[in-house]
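Down below is the structure, laid out as structure tokens.
Chain identifiers are assigned alphabetically (A, B, ...) following the order of the sequence lines, protein sequences preceding nucleic acid strands; residue numbering begins at 1 within each chain.
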Amino acid sequence: MRLFDIMKDWQRIGQRVRVLLMFVVLLSLFFIANANAAEVDLTPGDTIGPHNWQRVKDMVGENMLSRIKRGYTFQIKAPTRYQPPREYIEATKKYSGAVKLGPKGELLNHVAGLPFPNIDPGDPQAGQKVAWNFYWRWQGDDFKGGGGTATGQMIRYAIEKDGAERRADFYSYFLFPHTRVSLDPKPAIPGYEHVDSIQLRVDSYPRDSSGASTLEYRYSDPNRPDDLYLYIPSLRRVRRLTTTQRCQTLAPSEFNLDDIDFFRGKITDFNYKLAGEKKVLTNYAQEHVPYNRKKGDYLPADEKWEVHEVYVLEITPKDPNYCYPKKVLWIDKVAWETTWGMTWDRRGDYWKEMMLFRIPGKLDDGQVVWQQGTGYIVNVQNGRSTVISASRKFNMGLSPTLFTFDTMQTINR
Amino acid sequence: MSIRKIMSVLLAIPLIHLATILPAFGQAAESPAWQSFLRERVKFGGFVENATGLSIAAGDSQFSTSNRFIMNRFTIQPEFNVDFAEQVKFFISWRFAKEPRYSKEAKDRKNNVPPLQPLKNTYYDEDSFKPWEMVIDVKPTDRFKFRWGRQFISWGETDGLRLLDVINPQNGSFPPPLAPNLFNLDETRVPNWGFRAFYTIAPLTNTTLEFIAMPGFDEKKKRVDESAPLAGRWAPHPEDRLPIGRLFADPIPGNAPVVIPLITRVYPDAGDNWKIGARITHTFGQLSTGIGYIWGYNPQAADMVVKKIGDPFLLGPPGPGTPTGVRLQLMNDRTSIYAAHFNYALDEPWSTAIRGEFAFYPSKPYNISKYPGSTGLKAGPHPKYSDTDIIEKNTLRYAFGFDRPTLIPFLHPDDPWRAFNLSLQIFQSIIFDHEDGIRSFASAKKINKVSTSITFRIGTGYLGDTIIPDVFLAYDPQGYWSANPAISYVPPWSEKLRITLTAAIYGGHNKYGSLGLFSEKDSVFLKMRYQF
């Protein structure tokens, strides 16, 4: 056979290969398109498990997906929809028009309500705006973390890799003094116009840590660091903490102070990128509080999941020494609550994954809102996890005098 | 009506008030409201603990014994928290402690150290049903709140050693000194009946006016403050009392060259025994501060003085074998303290919290003696002050602390963001117009014009804080040091249990130093606590 003939044969074969390749590509695109369509196609009653984990790929965290592949099974249910309280919606309508970002990414002219109700994904500042929306999402004018339960406590389980568990109870009070829409004085408590939030967190169980409390003042000024205090019952002293302690592990849990509510960092200390929009799995109507789970495991045993639309927000710190070089939040488009949070370490390895369910709560005027249910954080590198149940009571009319050193010294024991 | 009765009535008033505002009290005990109240508003907790100690050395220069079993302290402390309402809370606890080892030791001592009688073997026990703490917190207005009852009140910023934290006495009888990893400050303070009120002037800056008043009901408790001046855990025993008499009196010539003190303590009646204080706190940006004043007495056991009563006398018929006696009285001298404290956070790159305390004692009393003694003994009565052996000097004490959480990732491979907490403290005491011969009654050790102590502490947690190492070190530039290393284990399957292995080790050319009263033997302790 001459060389020319061989080349023609190869050309013919090549054409067949190209056709075959095109067919394979088209088929793949079909499957990929079909897989994406599966998000929409998830219907109440569907069961998700190792046999069809592909249907929820990219709708849950990497670690959760891995658990599904290994056997975790659950059902899909119809999504639960809430609206923020009407006074918050009214404040958003009234004030959001004037809100804008400053040169350092700080929020200007914000009075109350959601700062940026309309997010344009093409806006180069969309990420920053989503971050601010998350920061100023509706959380009441104040709330008690744990206040939604009869005992008024949040419950936390620290779970070791081998399944051993330790419990701790605590509660917290939050006050948002200058964005008030429900409680008088509105919109700001006089003298507190420069304070974004005040938080008092109190340990109550086990006995030796009972009474340990932290007090945090968060200021609007992007250049003013938080004021952070710790009361140590064994010394009966209030100690000042440095803000670098926000990053340290609150052992035995896997949380740090900035992991509270997925992200409690100061907004202006970070860069943000809106990395997309998508549908994810979460649960806004958790059936049992805390959710039932197998001892030693952090996943809910019998809760159903629902599909919600989220923004994907990528957070990188301005400080290169910050603990999380990259954090990604999946932020609900309606409630602006985070449904999932993921962090990576300096090597780029997947590190921690957080997820939180919500439950319905009723305000004093009868409006039904969402509130925190049960969630977890899992450190995929060391295998430890923490489950926390944190239902809230909103608009309690907390006084600024609650957030003082003398409260810390006398609140327990 | 005695002051004690008046105080009881005062305590009853808020309790009655409390009963009237509590709807659940009106319900039958089996009613749903009552059950709901018990479930939601009453919390029960506490702990059971055993601390066992073995001495490394059989004895020391002061006392030699074959008994190495120096502690077996068993404690039960039940506690109730009751939230009657947002404005009214109540807390009560009891502490029961038993140290069975003293039965054996008392017998040994009775045989070995006649004729002075040993302690009763119930000396360290706490068996009273009187509440350990019992406080009611009431917030009548948004800015005013008060706490009334048997309580702890702690001012100051220091750790391990106390400077302004002198409102409650500290029980120095059972814990070894400078061993906060065995018994922390809160476990060694003794609660007092008293009243504490806060008025918040500006909550945002934590500007608060605080007032305290303690009538001193508890001061008759024998173990409190009495034992520590005589040198800590072993103090009440005869061997430590022997040399002290020489500081106050010379032996009567022609008799034995020994002076034995006969120490008495006259307890003031309640009402003569008040401690009163006030302070105001305020925060300036990153700086939190407070200034205050305490009017009280004997702020710390080691600060007590004794007063010589009358002339020395012979303890028997004259002769070469008869020692001299001297009557001494432990004084509850009034003391004023002008106090200040601060806390300042230095952020990056220092990442350090700085704290400090200042305490100025005007005319603080000291015992004074002459060195060497006129009879060739180490010391004797000071000729200038021999009537009482007490002088008064202005004294300034202050402390600075530096707390820095530090990440050492290679020592925490499973959790690089679990910090090591480093804490350095420097204490100094300055006696103005100092005179030679000022010395501690307890230790007979000279007190210099400037005394300095340094402490260092480092602690962290491993494996999800199931393994918790902590080391507390103290150093006196005069050549004394102590070390209190500890390692605790909290099982990953129970938050209720904690087991601590710790050691209390003391060193220096003389075991009596300004850091503490080092009559202690180097010891190891095993402490097991179950919280419920």
Side-chain angles (χ1 to χ4, degrees), chain A residues 150-152 158 160 162 164-168 191-192 195 204-208 210 217 224-225 227-229 232-245 247-249 251-254 256 319 321 323 345 379 381-382 384 399-407 409-413, chain B residues 36 39-40 43 45-47 79 81 91 133 137 142-143 145 147 152 154 156-157 159 165 184-187 198 200 203-204 206 208 210 281 283 286 288 343-348 351-353 355 403 405 407 414-415 417-419 461 464-466 490-496 498 529 531-532:
Chain A
T151 55
E160 294 298 314
D162 65 1
E165 292 188 5
R166 277 172 289 168
R167 177 181 159 179
Y192 284 77
V195 181
S204 53
Y205 172 86
R207 184 264 175 199
D208 279 359
S210 174
Y217 285 82
R224 184 168 180 182
D227 284 337
L228 200 57
Y229 306 93
I232 309 165
S234 61
L235 295 174
R236 296 188 189 252
R237 309 261 198 269
V238 176
R239 288 271 173 84
R240 192 141 195 154
L241 300 180
T242 60
T243 49
T244 49
Q245 285 169 271
C247 248
Q248 290 163 23
T249 312
S253 87
E254 285 300 319
N256 64 31
D319 176 3
N321 296 317
C323 44
D345 67 12
N379 183 330
Q381 295 184 5
N382 65 21
R384 285 197 283 270
S399 165
T401 57
L402 176 69
F403 302 88
T404 53
F405 296 163
D406 50 277
T407 301
Q409 293 171 72
T410 55
I411 197 161
N412 265 17
R413 278 205 265 160
Chain B
S36 167
R39 190 173 58 249
E40 296 169 13
K43 280 192 298 178
F47 65 88
E79 300 170 345
N81 255 307
F91 175 76
E133 276 183 273
D137 289 299
D142 184 43
R143 289 178 182 266
K145 72 171 86 166
R147 170 173 277 197
F152 294 105
S154 171
E157 306 282 353
D159 179 15
D165 179 13
N184 61 42
L185 281 180
D186 210 43
E187 292 170 290
F198 301 93
T200 304
L204 181 59
N206 272 294
T208 301
E210 182 179 346
T281 56
T283 298
Q286 294 286 90
S288 299
N343 218 315
Y344 182 75
L346 271 173
D347 282 318
E348 295 285 4
S351 301
T352 300
R355 50 193 164 78
D403 302 318
L407 299 170
D414 71 327
D415 186 0
W417 286 91
R418 178 64 174 93
D465 274 21
T466 53
V490 178
W493 38 266
S494 175
E495 68 281 355
K496 297 173 185 288
R498 186 182 178 111
R529 174 177 283 210
Q531 303 162 69
F532 50 84

Flag the pair [X] / [Y] as yes when at least one side-chain heavy-atom distance between them is below 4.5 Å, and no otherwise.
{"X": "Phe198(B)", "Y": "Thr404(A)", "result": "no"}
{"X": "Pro225(A)", "Y": "Gln286(B)", "result": "yes"}
{"X": "Phe152(B)", "Y": "Pro233(A)", "result": "no"}
{"X": "Ser154(B)", "Y": "Arg237(A)", "result": "yes"}
{"X": "Lys145(B)", "Y": "Thr401(A)", "result": "no"}

Which bit of [X] is near chain A, if near means a heavy-atom gap under 4.5 Å: side chain, backbone, both or neither?
{"X": "Thr208(B)", "result": "side chain"}
{"X": "Arg529(B)", "result": "side chain"}
{"X": "Glu157(B)", "result": "both"}
{"X": "Arg418(B)", "result": "both"}
{"X": "Thr200(B)", "result": "side chain"}
{"X": "Ser36(B)", "result": "neither"}

Under 4.5 Å from any heavy atom of chain B, what part of [X] do you find: side chain, backbone, both or neither?
{"X": "Arg384(A)", "answer": "side chain"}
{"X": "Thr407(A)", "answer": "both"}
{"X": "Val195(A)", "answer": "side chain"}
{"X": "Phe403(A)", "answer": "backbone"}
{"X": "Asp345(A)", "answer": "neither"}
{"X": "Glu160(A)", "answer": "side chain"}
{"X": "Leu241(A)", "answer": "backbone"}

So which of [options] has the biggest tally of heavy-atom pairs under 4.5 Å with chain A?
{"options": "Pro405(B), Gly461(B), Ala419(B)", "value": "Pro405(B)"}
{"options": "Arg355(B), Arg143(B), Arg39(B)", "value": "Arg355(B)"}
{"options": "Glu79(B), Glu133(B), Arg498(B)", "value": "Glu79(B)"}
{"options": "Leu407(B), Leu204(B), Thr283(B)", "value": "Leu204(B)"}

Could you tell me which non-hydrogen atom of [X] sits nearest to which non-hydrogen atom of [Y], and how far apart they are?
{"X": "Ser204(A)", "Y": "Lys43(B)", "value": "CB-NZ, 3.6 Å"}
{"X": "Arg207(A)", "Y": "Phe532(B)", "value": "CB-O, 4.4 Å"}
{"X": "Pro492(B)", "Y": "Arg166(A)", "value": "O-CG, 3.4 Å"}
{"X": "Leu346(B)", "Y": "Thr242(A)", "value": "O-CG2, 3.4 Å"}
{"X": "Asn382(A)", "Y": "Asp414(B)", "value": "ND2-O, 3.0 Å"}
{"X": "Pro203(B)", "Y": "Pro400(A)", "value": "CB-O, 3.5 Å"}

If you round to the nearest 0.5 Å, how far is [atom2] of [Y] from [atom1] of [X]?
{"X": "Arg239(A)", "Y": "Asp159(B)", "atom1": "CZ", "atom2": "CG", "answer": "5.5 Å"}
{"X": "Asp403(B)", "Y": "Arg240(A)", "atom1": "CG", "atom2": "CZ", "answer": "13.0 Å"}
{"X": "Trp493(B)", "Y": "Glu165(A)", "atom1": "CH2", "atom2": "CD", "answer": "14.0 Å"}
{"X": "Gln531(B)", "Y": "Ser210(A)", "atom1": "CD", "atom2": "OG", "answer": "9.5 Å"}
{"X": "Phe405(A)", "Y": "Thr281(B)", "atom1": "CZ", "atom2": "OG1", "answer": "7.0 Å"}
{"X": "Asn206(B)", "Y": "Tyr217(A)", "atom1": "CG", "atom2": "OH", "answer": "4.5 Å"}

Please assess Glu210(B) against Asp406(A) for the test side chain to side chain contact (heavy atoms under 4.5 Å, CB included), listing each intermediate value before the final yes or no. CA-CA 9 Å; Glu210(B) 182 179 346; Asp406(A) 50 277; over 6 Å; no

Any idea which of Ala251(A), Ala164(A), Ser234(A), Ser253(A) has the most non-hydrogen atom pairs under 4.5 angstrom with chain B? Ser234(A)

Largest heavy-atom contact set with chain B, pairs under 4.5 Å, which of Gln381(A), Arg224(A), Gln409(A): Gln409(A)

Between Leu185(B) and Arg236(A), does the side chain to side chain contact (heavy atoms under 4.5 Å, CB included) criterion hold? Intermediate values first, please. CA-CA 9 Å; Leu185(B) 281 180; Arg236(A) 296 188 189 252; over 6 Å; no

By side-chain hydrogen bond (donor to acceptor under 3.5 Å, both in side chains), which residues pair with Thr410(A), not counting sequence neighbours? none

Does the Tyr205(A) side chain pair with the main chain of Gly45(B), one donor and one acceptor, at a distance under 3.5 Å? no

